[in-house]
Every structure is written in C-alpha cells, then in structure tokens.
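Beneath this line is the structure, given in structure tokens, with notes to follow.
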Amino acid sequence: MSFLYVSKDCTRAAEQLKNNPRHKSYLEQVSLRQLEKLFSFLRGYLSGQSLAETMEQIRRETTIDPEEDLNKLDDKELAKRKSIMDELFEKNQKKKDDPNFVYDIEVEFPQDEQLQSCGWDTESADEF
C-alpha cells in the first residue's frame, strides 16, 4: 500500500469523523489537522511502526522544508503545504489580547556589511 493512499485515508477518515453529526459537537474545537495526526498515529501503530518512527514520519509530513521547490509540487501537495504554513502563521501570530503584544514595533537591522545591489534596481528609468 503506498504512503499517498494511506495519507488520503487519514485525511478522509478525519473529515468523516469531524463532519459526523453524532460527533460534530464534541469535535468543533478540534482542528482537522489534529484529527489527521491522530489517525496517522493509529495508522503507524496498526502497521507495526514504533512510536519514534511514527512521530518522525508525522514530523516530515507536517513541516515545511525551506529548501523545497514548491513550484514543482502538484496542486494537492501545494495546497497541503500552504495549509501547514497558514496553521503555523496563526499559531505564531500575536493578537491584541496576547499579554506580550506590542503595537508598532520598530526594528533596527545592523548595517555591518556592505549592502548588495540587485540587478533590477541598477538601471535608470530612462532606459524604459
């Protein structure tokens, strides 16, 4: 059985559980991603993986590799990566109600090194 097929089963199972009228009221506050992760743990256990192996596999599935070329992904994989990025953004986002929220933070960046010029900004406007 391929990994993609099993992954789709976890997603489908999580969606079905979350949308089931019998369980819907209990799972309102649980994200679909958490349910998918739960089903991934169950999948790993049932396939004989150790907890460490399962956790490593889930970590690989739920983290973004900054070196990965997202232009080479198909639409479904790209949507999955974007969903992970959105979730991470919301998790790290500071809101007005947060105790350490500071409005209008100004940051000074060190100017130790010579600034590098980009090729596009060296041409004059007359060349257009």
Side-chain angles (χ1 to χ4, degrees):
M1 180 181 301
S2 75
F3 169 73
L4 186 59
Y5 178 74
V6 174
S7 178
K8 286 181 182 178
D9 281 351
C10 289
T11 302
R12 187 177 309 126
E15 289 171 350
Q16 288 175 351
L17 182 66
K18 188 162 178 78
N19 295 326
N20 185 318
R22 185 174 179 188
H23 307 293
K24 196 169 190 168
S25 63
Y26 300 109
L27 298 175
E28 282 179 339
Q29 301 301 318
V30 180
S31 73
L32 189 59
R33 175 97 41 228
Q34 285 178 302
L35 290 173
E36 287 177 24
K37 196 180 273 190
L38 172 66
F39 278 105
S40 295
F41 273 109
L42 291 171
R43 176 193 65 207
Y45 175 77
L46 292 174
S47 66
Q49 286 183 328
S50 70
L51 181 59
E53 291 171 329
T54 303
M55 289 177 67
E56 176 60 23
Q57 183 176 357
I58 291 171
R59 187 197 60 76
R60 283 193 313 267
E61 293 172 7
T62 59
T63 56
I64 303 294
D65 177 10
E67 299 301 318
E68 181 179 29
D69 186 357
L70 300 178
N71 291 318
K72 294 181 179 179
L73 298 176
D74 62 21
D75 290 343
K76 287 183 182 181
E77 281 299 312
L78 182 60
K80 181 179 177 183
R81 299 297 194 294
K82 285 183 176 182
S83 172
I84 292 169
M85 287 187 268
D86 288 343
E87 186 176 301
L88 185 61
F89 173 79
E90 288 184 26
K91 178 179 158 187
N92 293 329
Q93 181 182 18
K94 299 216 184 224
K95 299 179 177 90
K96 284 185 177 183
D97 300 334
D98 290 342
N100 56 353
F101 174 79
V102 178
Y103 180 77
D104 196 22
I105 297 177
E106 291 186 20
V107 178
E108 291 289 327
F109 293 99
Q111 296 292 328
D112 295 341
E113 299 177 16
Q114 180 69 23
L115 293 177
Q116 294 180 356
S117 175
C118 296
W120 62 268
D121 64 350
T122 58
E123 298 175 9
S124 68
D126 297 335
E127 294 178 14
F128 294 104

Rounded to the nearest 0.5 Å, how far does NZ of K37 lie from CZ of R59?
11.5 Å

Start with the C-alpha gap between Y45 and L42, add the side-chain angles, then the distance that decides, and say whether side-chain contact (heavy atoms from CB on, under 4.5 Å) holds.
CA-CA 5 Å; Y45 175 77; L42 291 171; 5.6 Å; no

Show me the donor-acceptor pairs within less than 3.5 Å that the side chains of residues 13-32 make with the rest of the protein, sequence neighbours left out.
unit_1	atom_1	unit_2	atom_2	d
K18	NZ	L27	O	2.8
K18	NZ	V30	O	2.4
N19	ND2	E15	O	3.1
N20	OD1	R22	N	2.8
S31	OG	Q34	N	3.1

Output for pair (L51 CG, E53 CD), nearest 0.5 Å, gives 10.0 Å

Output all residues satisfying side-chain contact (heavy atoms from CB on, under 4.5 Å) with T54, sequence neighbours left out; order by chain, then residue number.
F41, Q49, I58

Just verifying a value: how many Å separate Q57 CD and R43 CZ, rounded to the nearest 0.5 Å?
5.0 Å

Measuring from atom CG of L35 to atom SG of C10, what distance do you get when rounded to the nearest 0.5 angstrom?
11.0 Å

Donor-acceptor pairs under 3.5 angstrom involving side-chain atoms of residues 85-107: please list them, not counting sequence neighbours.
unit_1	atom_1	unit_2	atom_2	d
E87	OE1	R33	NE	3.2
N92	ND2	L88	O	3.3
D98	OD2	K95	N	2.8

Rounding to 0.5 Å, atoms CZ (R81) and CD1 (I64) come to a distance of 6.0 Å

CA sep, side-chain torsions, deciding dist, call: K82, L70, side-chain contact (heavy atoms from CB on, under 4.5 Å)
CA-CA 10 Å; K82 285 183 176 182; L70 300 178; over 6 Å; no

Flag, side chain of S83 to backbone of A79, donor-acceptor distance under 3.5 Å
no

